[in-house]
Amino acid sequence: MNAPAPADRPDPHVMQTYGRLPIALSHGRGCWVWDTDGKKYLDGLGGIAVNTLGHAHPELVPALQDQIGKLIHSSNYYQVPLQEKLAAKLTELSGLTNVFFCSTGLEANEAALKIARKYGHDKGVERPEIIVYEKAFHGRSIATLSATGNPKVQAGFGPLVEGFVRVPLNDVAAIEAAAGSHLNVVAVFLEVIQGEGGIHPASTGYLQAVRRICDERGWLLMLDEVQCGMGRTGKWFAHQWAGIQPDVMPLAKGLGSGVPVGAVVCGPKAATVLGPGNHGTTFGGNPLAMRAGVETLRIMEEQGLLENAAKVGAALKAGLAKELADVAGVVEIRGQGLMLGIELARPCGELLGRAARAGLLLSVTADRVIRLVPPLIVTSDEAQQIVDILCPLIKSFLAETPVKSA
Ligand SMILES: Cc1ncc(COP(=O)(O)O)c(C=O)c1O
């Protein structure tokens, strides 16, 4: 059992499930936030790929105020016209057909897993199995942590949910082999760019091969775009770079620009699998959440934020690559658009605090990958400032304990 939290910490009544920095943010504007002591930070994290429009966006704020003044929550007992509006937009942008709304990423994934199982049962598969991936992250409910490919996330929560077959990413032979030995497979479930696992993209060829295999075998292709979707890579959805369509696509994070919104967008093979009574959630699709989604998409379109993500993301990646070229201990810079990871040769969690002290918010994932997922409104000048703050920190960090060459 973990020791009780010390009484002298600032939040003695909050359950200690996070390792937090001693910083409390009070307000923000654009890509900048301020803490309660007045210190200013450049936001390279965007609330972990959530604050699509940055902070206090001048068009989002009045729209949300308007909605709060009218109706925050009703109930799914009644029609919610804003659900139809957001669903119509998401289906238009994805080419899929129907949407179920919830509030978080794990909820969207939980719904996807239920769709896959029911799809299997409807076909007469009594014990359906789903192919999932090493290093995947799908959430922390019992089912989604079972689908997750990280033993640290799973430790202490067994018995895990059964019915998952795990394969390595970007290995077509492995999925073919799994298909040969697991005759109850009904779906493949993967992130187009693995986020928490360390910014590992599925290759275009791999995504196309998995789509083909799913078509040949009558499986559902389920793409978790909770982190990499919503314009972050420069297209609405990351899989669109590969010219394919999924059957099921969970979304969340950036969809509501900070207001909790989750969605499962489905194509014809999956859209009618769940019927009345099969699934539901109290908060899902409430008017405030839907207004946040509708306005986020509208502002993204009007302000060309996909183009901005592609352009500024490419400049940011190039800037990092130039500054960190030939730096011993920098293993690789990966990702696309405004979803970038810099892998170092050793664990670098302490860079989180050092970057914050230098006025930059970021995250470190998979122990040794610095992750940048700033708001999609970030400018080229701000991207350069990220490079200017971060690269010297990385260099001095690596210089402290030189990494032995292999
Ligand atoms: C790809 C992916 N799926 C699911 C989740 C879980 O989302 P949430 O934390 O909203 O439950 C995350 C969160 O980081 C994620 O990155």
Side-chain angles (χ1 to χ4, degrees), residues 15 17-20 45-52 100-116 130-150 152-154 157 161 164 166 169 187-202 207 221-233 237-239 246 248-265 281 283-285 289 292-293 296 334-341 352 361-367 369 371-374:
M15 213 183 269
T17 60
Y18 304 100
R20 297 185 202 268
L45 181 64
I48 320 183
V50 166
N51 297 103
T52 304
F100 173 84
F101 289 108
C102 50
S103 309
T104 67
L106 84 77
E107 263 191 288
N109 286 337
E110 191 82 24
L113 297 173
K114 283 180 74 175
I115 289 171
I130 300 167
I131 292 184
V132 293
Y133 285 77
E134 293 171 6
K135 298 198 175 97
F137 183 85
H138 296 297
R140 290 173 181 274
S141 65
I142 292 291
T144 57
L145 76 79
S146 301
T148 287
N150 179 346
K152 272 197 208 162
V153 171
Q154 297 170 335
F157 298 107
V161 171
F164 295 111
R166 200 168 299 285
L169 189 64
V188 181
F189 186 36
L190 74 154
E191 299 154 83
V192 179
I193 302 177
Q194 291 182 332
E196 304 305 302
I199 315 292
H200 295 286
L207 288 168
L221 175 57
M222 309 206 300
L223 297 179
D224 178 349
E225 294 237 13
V226 166
Q227 188 164 154
C228 61
M230 297 319 307
R232 184 148 293 282
T233 64
F237 307 109
H239 66 265
V248 178
M249 175 172 63
L251 299 172
K253 286 194 181 274
L255 178 52
S257 222
V259 177
V261 192
V264 192
V265 190
T281 167
F283 288 116
T296 297
R334 294 188 288 267
Q336 188 167 9
L338 291 171
M339 182 169 180
L340 298 176
L352 202 72
L361 303 184
L362 46 73
S363 90
V364 171
T365 189
D367 290 338
V369 181
R371 171 174 47 180
L372 293 169
V373 280

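All figures in this text were calculated on a predicted structure; none of them were measured in a lab. For the numbers below, each heavy atom of this structure counts, side chains included, while hydrogens, waters and symmetry mates do not. Note that ligands are numbered from 1 as they come in the structure, with each ligand's atoms numbered from 1 the same way.
- Rounded to the nearest 0.5 Å, atoms CG (Leu190) and OH (Tyr133) are 5.0 Å apart.
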Does ligand 1 have any N/O pairs with the protein under 3.5 Å, and how far apart?
residue  : atom   : partner : partner atom : Å
ligand 1 : 3 (N)  : Asn109  : ND2          : 3.4
ligand 1 : 3 (N)  : Asp224  : OD1          : 3.4
ligand 1 : 3 (N)  : Asp224  : OD2          : 2.8
ligand 1 : 10 (O) : Gly105  : N            : 2.8
ligand 1 : 11 (O) : Leu106  : N            : 2.9
ligand 1 : 14 (O) : Glu196  : OE2          : 3.4
ligand 1 : 14 (O) : Lys253  : NZ           : 3.3
ligand 1 : 16 (O) : Gln227  : NE2          : 2.7

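- By the 4.5 Å heavy-atom criterion applied to side chains, Val369 and Arg334 are counted as neighbours.
- Counting heavy atoms from C-beta outward, Leu169 and Lys135 have side chains that stay 4.5 Å or more apart.
- Within the 4.5 Å cutoff, no side-chain heavy atoms of Leu223 are placed close to those of Val248.
- The only member of Ile199, Leu340, Val364 that meets side-chain contact (heavy atoms from CB on, under 4.5 Å) when paired with Arg371 is Ile199.
- Going from atom CD1 of Ile115 over to atom CG of Asn109 covers 10.5 Å, rounded to the nearest 0.5 Å.
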